Amino acid sequence: MRQKLWKRLSRFLEVYLMKKYLETAISNALKTLDLLDIKGYKVEVPPEGFGDYSTNVAFFVSKRMRMSPLKAAEVIGEKLLSDPRVERISVDGPGFINIILSQEAFSEALFQTLNNRYYWRIKRPAAQKNIQIEFASVNPTGPFTVGHGRQAVIGDILAEVMRARGLHVEKEMYLNDAGRQIQLLGESVWIRYQQLLGKKVELEDTHYQGGYLVEMAEELIKEVGETYLDRSEKETRRFFRDYVLDRMVQTMKASMDKLGVSFDSFFSERTLVESGAVDRVLKTLRDKGLVTDRDGAVWFKVSAFEDESDKVLVRSDGTFTYFMTDIAYHLNKFERGFDYVIDIWGADHLGHIPRMRAAMKALGIPESFFNVMVHQYVNLKKGNEIVKMSTRRGEFYTLDELMEIVGVDATRYFFAMFDPDTHMLFDIDLARTKSAENPVFYVQYAHARICSIFRNAVEKGICHSTAEDVDYSLLQSDEERKLIREITSFPEVLERVAGDYKVSRITNFLEELASCFHIFYNKHKVIDRNHMKMSEARVGLCMVIKNLLADGLALLGVSAPESM
RNA sequence: GCGCCCGUGGCUCAACGGAUAGAGCAUCGGACUUCUAAUCCGAGGGUUGCAGGUUCGAUUCCUGCCGGGCGCACCA
């Protein structure tokens, strides 16, 4: 039996993906025409009514074949027709070849995806790469804002996708726990502490104004009372800095936990300074003659490598700039053996990129090593008002508040669904209304619906456990063929995400899959006692869809409820 | 001023250089004695910011404008 053979083979072979298969078929056809070097053509899904797949290859070969695209399409189409999986072709428009695949081709594809649940994973990649993605790295001076949520979700999902594509990926958060901002943060709490205990001291403009620091000071008073009202300034400063820092880091880790983001490592800027790693890098740069001393500060010659002005590494008061420690940090990453790193930064870090690139060049690190993915800001809308974020002024919605209001599923899904380049507008009131407006429900509902079908199937005694004897070629309707085509396209979606980092392709895919399913569901009955053969085949189809919805949502870190 | 990103129905967003630019929300009208109506079907709504260029073909690529965001720190 044919399906038994597939099942045996499918353990060893890559799953038969219809589009990939056609690409090979076209390439073979070109070979017979001595046109193998032609590149750039595509196989894609045509508009409704033009067949299963289409290719624009004729436009690319017409010149070489010295005929019109239309004529070339006919010649190539004729060759494709000899393929047993190709049932019909037609040449339309200015020269598109539209292809209809045989029913056999569809049932084979479905059968194989049914028997290889993780057919979209790559087990053995061509080249094993060691990659690090760094995100959600900030001054631990205040709770995470929704902007950090956006990059955390993107980074987390991207790591999952790259792992599914067979790459080794580590997720890291960098803690900027050494700089002057931390000092200011400590002072801010110290002042709040004194104010609460009746002293007349005021915050300055450079201090952090957020109310969360008042709360922290209140809690501190409960813990230590008035002990720090009359200690030495030096001791007090250090105490407040360390206390606040520890509290902030705990809070931030808790937020990430809540968001479902786990890190493989946390890296402290302070350890970099204290270990002398920063001094070493500075010396290296100095030995290479790439630093200058001017106005009491130490400058790095960015202009020797990039079209940018030189930047300060060591301030005139002797402290390191963020730029300085970041160079040491990236050298450290390189020395840890990563093939390349991807830093996910907000748009406000744009200016940091050229100078970092210059520093990498100065240290002889290969150009492909340092990669930055920039995402645009998240704007929040409340009522008719756009709320701008500012950590310093203490005006923001925190990530925790957002998760509290809309839930973790919606938070993650929402951040995943927008292209990182868009200045997304997060409508708080809209998100607050827990209703169908949220696309996450649409996808989850499709999953729950299938689960419900299965409960019904069990009651009626229909199951898919004897998959080999099921006749999947019964699934001939447009809706069913479209679903199968959709299913086989998922590996390509992930491949593209791993390439261009646009995780929104996954939500787009899931919404499309869910939509195809809902349409199918409304038109066809899955469980039908009068048509047991058909029911079995449809249960198989639904099983693949259910797995894919669940696995796709899992990739996003969103739950897939069995009932809603 | 210079650099990066973005301008797509009323709103939020899609669209691998392809065919008739798609969804959702909002508006209007239909579909539950049948596996969950958080669904489906239909209608209206667009010169894809403007002007050129490249080509068989441009929302997509190039150039110039216009509008918005961000950056051009001894902040991070």
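Values in this document were obtained by computation on a predicted structure and should not be read as measured data. Quick note on labels: first sequence line is chain A, next is B, and so on, each numbered from 1.
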Checking N1-N3 plus N6-O4 or O6-N4 for Watson-Crick, or N1-O2 and O6-N3 for wobble, each under 3.5 Å, the partner of B:G17 is none

Indicate, with yes or no, if the rings of A:His352 and A:Tyr322 have centres closer together than 6.0 Å.
-> yes

Nearest-nucleotide 5' precedence on RNA chain B, A:Ala448 against A:Phe59 | A:Phe59

Closest listed nucleotide, where the reference is the side chain of A:Arg496 and the choices are B:C16, B:C40, B:C13 = B:C16

For B:U63, the Watson-Crick or wobble partner whose two distances fall under 3.5 Å = B:A51

Could you measure between the two P atoms, the one in B:C25 and the one in B:G69, and give it in whole Å?
-> 31 Å

OP1 or OP2 of B:C35 sitting under 4.0 Å from any side-chain N/O of A:Arg538?
-> no

Selection from B:C13, B:C74, B:C35 that lies nearest to any side-chain heavy atom of A:Leu425 | B:C13

Could you tell me whether A:Ser563 contacts a base, only the sugar-phosphate backbone, or nothing, with contacts defined as non-hydrogen atoms closer than 4.0 Å?
-> base

Over 60° means perpendicular and under 30° means parallel, so classify the ring planes of A:His524 and A:Phe520, tilted if in between.
-> tilted

P-based separation of B:C16 from B:G7 [nearest Å] = 13 Å

Kindly indicate whether the side chain of A:His352 and the base of B:G71 share any N or O donor-acceptor pair separated by less than 3.5 Å?
-> no

Kindly indicate whether the side chain of A:Ser316 and the base of B:C74 share any N or O donor-acceptor pair separated by less than 3.5 Å?
-> yes

Could you check whether A:Pro354 gets within reach of a base, just the sugar-phosphate, or nothing at all, counting any heavy atom under 4.0 Å?
-> nothing

C1' gap between B:A38 and B:A76, integer Å | 43 Å

Just compare B:C5, B:G18, B:A76 and give me whichever is closest to any side-chain atom of A:Lys42.
-> B:G18

What distance, rounded to whole Å, do you find between the two P atoms, one in B:C5 and one in B:A21?
-> 28 Å

Out of B:G18, B:G3, B:C35, minimum distance to the side chain of A:Leu350 belongs to B:G3

Atom NZ of A:Lys71 with >12 non-hydrogen neighbours under 6.0 angstrom = no

Which is true for A:Pro69 with a 4.0 Å heavy-atom rule: it touches a base, it touches only sugar-phosphate, or it touches nothing?
-> nothing

B:G44: pairing nucleotide in any strand, Watson-Crick or G-U under 3.5 angstrom | none

Given B:A19, B:C70, B:A76, the nucleotide with the shortest approach to the side chain of A:Ala347 | B:C70

B:U12 to B:C6 separation - C1' atoms, rounded to the nearest Å = 15 Å

Look at the side chain of A:Phe418 and decide which nucleotide, out of B:C13, B:A14, B:C5, has an atom nearest to it.
-> B:C13

Any-strand Watson-Crick or G-U partner of B:A23, both distances under 3.5 Å | B:U12

Using purine N1 to pyrimidine N3 plus N6-O4 or O6-N4 for Watson-Crick, or N1-O2 and O6-N3 for G-U wobble, both under 3.5 Å, which nucleotide pairs with B:U33?
-> none

Interatomic distance at P, B:A23 relative to B:G46, whole Å | 16 Å

Across all strands shown, which nucleotide pairs with B:A38 by Watson-Crick or G-U wobble geometry, both distances under 3.5 Å?
-> none

N/O (side chain, A:Tyr377) to phosphate O (OP1/OP2, B:C5) under 4.0 Å | no

For the side chain of A:Asn56 and the base of B:G18, is some donor closer than 3.5 Å to an acceptor across the two?
-> yes

Quick one: do the A:Glu512 and A:Ser515 side chains pair a donor with an acceptor below 3.5 Å?
-> no

Check every strand shown and say whether A:Ile519 touches a base, only sugar-phosphate, or nothing at a heavy-atom separation below 4.0 Å.
-> sugar-phosphate

Distance test, side-chain N/O of A:Tyr442 to OP1/OP2 of B:C40, below 4.0 Å | yes

Just label B:C32 as syn or anti from its O4'-C1'-N9-C4 or O4'-C1'-N1-C2 angle, using within 90° of 0 for syn.
-> syn

For B:G42 and B:C4, measure between their C1' atoms and round to the nearest Å.
-> 44 Å

May I ask you to check whether over 12 heavy atoms, not counting those of A:Arg455, lie within 6.0 Å of atom CZ?
-> yes

A:Tyr521 OH to B:C41 P: how many Å, rounded?
-> 14 Å

Whole-Å distance, A:Tyr413 OH to B:G24 C1', equals 11 Å

Residue A:Asp419, side-chain atoms from C-beta onward, closest of B:C13, B:A14, B:C41 = B:A14

Name the pairing partner of B:G3, where a pair is Watson-Crick or G-U wobble with both distances under 3.5 Å, or state none.
-> B:C70

Interatomic distance, A:Asp500 CG vs B:U60 P [rounded to whole Å] | 19 Å

Within 45° of the ring axis of A:Phe266 and under 6.0 Å from its six-membered ring centre, is that where the NZ or CZ of A:Lys253 lies?
-> yes

May I ask you to verify if any side-chain N or O of A:Tyr445 is less than 4.0 angstrom from the OP1 or OP2 atom of B:A38?
-> yes

Compute the ring centroids of A:Tyr329 and A:Phe267, then answer whether they are less than 6.0 Å apart.
-> yes

Rounded interatomic separation in angstrom, taking CG from A:Asp421 and C1' from B:G69 = 12 Å

Are OP1 or OP2 of B:C16 and a side-chain N or O of A:Arg505 less than 4.0 angstrom apart?
-> yes

Distance between the C1' atoms of B:U33 and B:C28, in whole angstroms?
-> 29 Å

A:Trp299, nearest nucleotide to its side chain (from B:C16, B:C74, B:C40) | B:C74

With a non-hydrogen cut-off below 4.0 angstrom, is A:His524 in contact with a base, only sugar-phosphate, or nothing?
-> base

Write down the distance between CG (A:Asp528) and P (B:C35), rounded to a whole number of angstrom.
-> 12 Å

Counting any heavy atom closer than 4.0 Å, what does A:Met417 reach on the DNA or RNA strands: base, sugar-phosphate only, or nothing?
-> nothing

If you round to the nearest 0.5 Å, how far is CG of A:Leu548 from CH2 of A:Trp120?
-> 8.0 Å

Taken to the nearest whole Å, CZ/A:Phe96 to C1'/B:G57 is 8 Å

A:Met65 CE to B:C56 P, straight-line distance once rounded to whole Å = 17 Å

So which nucleotide from B:C16, B:C74, B:C6 ends up closest to the side chain of A:His423?
-> B:C6

In whole Å, what is the span from the CD atom of A:Glu479 to the P atom of B:C35?
-> 19 Å

Indicate whether any N or O donor in one side chain lies under 3.5 Å from an N or O acceptor in the other, for A:Ser559 and A:Asp409.
-> yes

May I ask you to check whether over 12 heavy atoms, not counting those of A:Asp500, lie within 6.0 Å of atom CG?
-> yes

How do A:Phe320 and A:Ala514 order along RNA chain B: which one's closest nucleotide is nearer the 5' end?
-> A:Ala514

Taking atom types as they are modelled, is there a donor-acceptor pair under 3.5 Å from the base of B:A19 to the side chain of A:Ser54?
-> yes

From the candidates B:G71, B:U34, B:G18, the one with an atom nearest any side-chain atom of A:Asp348 is B:G71

